Amino acid sequence: MTTRRDIIDRIAAALVPLYDAREARSIALTCVSELAGLPVAALLTDPGAALRIEGLDAVIDQLAAGRPVQYVIGGAEFLGRRFAVGEGVLIPRPETEELAAWIIADDPQARRILDIGTGSGCIAATLALELPRAEVFAADISPRALAVAAENCRALGAKVILRQADALGDLAGSFAGRFDLLVSNPPYVPQCDRAAMHSNVRDYEPAEALFVPDDDPLLFYRAIARAGRRMLEPGGKLYFEIYHQAGDDLMRMLADEGYDAIRLRQDMYGKPRMLCARLA
């Protein structure tokens, strides 16, 4: 008889060459929970129960090759909701959850919101559901990402207006009217840091959603800040997820572009990863 513990241990053992033991076990639990349709708590409280998973060998092969577990199981959790993800779409991160939670707590009165570079739609859909009086828009340059975001919004019942638009192009020309709030988790990892990234990110997630030129790491932030001068209501806000090494440079740039009340916030690991600025 094969038990829940047997399967979890087998997956974790296959992943130890790529991850430390704790992370390997966490990935194994996530995977088995999804494939077996069981909560993680059930796997932990009754590990000796019999379990059979069809196609387990193929799943292990994918994980052992470095494919992210979220792509293998086809989804990721974001603030308690499940979002479909797949190749070509950035996987939602815990720090992005923190960014969305910050907006929900600090700007419940926002009535018109735009999420720039929406990816899976996790920020936009979450804001639409948690701030139901707001009109929420979302933009991405990628047709693949927009299709996944639309799927997620339909599945969750989130009212989000999706539009293809380029953050580095005429973003303001793609949207009529002004917004109370712009939010973005844009590409921000310098190319020089690419080699140091874990292979499950570097080799599988979309490079266009991750990397920026070494000689202009604030490329997307600057473009969005300048568009914001045309798109935001007076006193409107920008919210950004940021690279942990870019905070000081980004604050100076935003001040130069006409923003004030700039706040830098640390994530759960104590790294500066979120920023809010107000159009002066």
Side-chain angles (χ1 to χ4, degrees), residues 27 30-31 33-35 58-59 62-63 65-101 103 113-129 136-169 171 174 182-189 191 193-194 197-212 219-221 223-224 239-243 273-274:
I27 292 171
T30 297
C31 189
S33 172
E34 178 74 21
L35 297 177
V59 167
Q62 292 180 65
L63 293 172
R67 190 175 183 222
V69 63
Q70 295 88 348
Y71 288 170
V72 174
I73 64 178
E77 185 174 297
F78 188 87
L79 287 179
R81 297 183 175 93
R82 189 182 191 280
F83 285 80
V85 294
E87 274 78 3
V89 179
L90 195 68
I91 296 167
R93 301 297 204 278
E95 52 268 31
T96 312
E97 291 182 300
E98 294 184 75
L99 177 64
I103 294 169
I113 298 170
L114 172 60
D115 174 26
I116 302 163
T118 195
S120 66
C122 59
I123 294 176
T126 297
L127 295 180
L129 292 167
V136 180
F137 295 75
D140 206 291
I141 195 172
S142 164
R144 167 65 177 156
L146 287 171
V148 172
E151 175 189 342
N152 284 321
C153 290
R154 283 194 298 270
L156 294 167
K159 295 180 180 179
V160 176
I161 300 166
L162 294 156
R163 192 165 295 165
Q164 187 171 19
D166 183 0
L168 300 180
L171 188 62
S174 300
L182 304 181
V183 56
S184 185
N185 174 22
Y188 56 65
V189 181
Q191 286 284 351
D193 288 352
R194 184 173 189 151
M197 296 182 75
H198 198 287
S199 62
N200 69 338
V201 177
R202 183 184 64 238
D203 297 341
Y204 287 91
E205 294 194 63
E208 62 272 17
L210 290 168
F211 299 107
V212 288
L219 174 66
F220 283 88
Y221 297 112
I224 293 169
Y239 280 90
F240 287 134
E241 182 176 321
I242 72 169
Y243 199 44
R273 295 300 306 275
M274 294 158 279

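On a predicted model such as this, the values are computed, not experimentally measured, just so you know. If you read the sequence from its start, that first residue is 1, and numbering goes on from there.
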task: Would you please name every residue forming a side chain to side chain donor-acceptor pair (under 3.5 Å) with E97, sequence neighbours left out?
output: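 With neighbours one apart ignored, the set is empty.
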Ignoring hydrogens, what is the shortest heavy-atom contact between [X] and [Y]? Give both atom names and the distance.
| X | Y | answer |
| --- | --- | --- |
| L99 | S184 | CD2-O, 4.3 Å |
| A165 | L171 | CB-CD1, 4.0 Å |
| A128 | K159 | CB-O, 3.6 Å |
| R163 | S174 | NH1-O, 2.8 Å |
| L129 | G157 | CD2-O, 3.8 Å |
| P68 | N200 | CG-O, 3.2 Å |

message: ring pair (Phe, Tyr, Trp, His ring centres under 6.0 Å) for Y71 and Y204? Distances and angles first, verdict last.
response: CA-CA 9 Å; Y71 288 170; Y204 287 91; 7.3 Å; no
With a 4.5 Å cut-off on side-chain heavy atoms, are [Y] and [X] touching?
| X | Y | answer |
| --- | --- | --- |
| F83 | T126 | yes |
| D115 | L127 | no |
| N152 | C122 | no |
| P92 | S120 | yes |
| L63 | V69 | yes |
| R93 | N185 | no |
| Y243 | V212 | no |
| E98 | M274 | yes |

Qualifying residue for side chain to side chain contact (heavy atoms under 4.5 Å, CB included) with I141, from D166, I116, L146: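 Answer to the side chain to side chain contact (heavy atoms under 4.5 Å, CB included) test with I141 among D166, I116, L146: D166.
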Can you tell me how far [atom2] of [Y] sits from [atom1] of [X], rounded to the nearest 0.5 angstrom?
| X | Y | atom1 | atom2 | value |
| --- | --- | --- | --- | --- |
| F137 | L162 | CZ | CG | 10.5 Å |
| T96 | R273 | OG1 | CZ | 7.5 Å |
| D193 | L210 | CG | CG | 12.0 Å |

Backbone of [Y] reached by a side-chain donor or acceptor of [X] within 3.5 Å:
| X | Y | answer |
| --- | --- | --- |
| E205 | I91 | yes |
| R194 | A207 | no |
| R67 | Q62 | no |

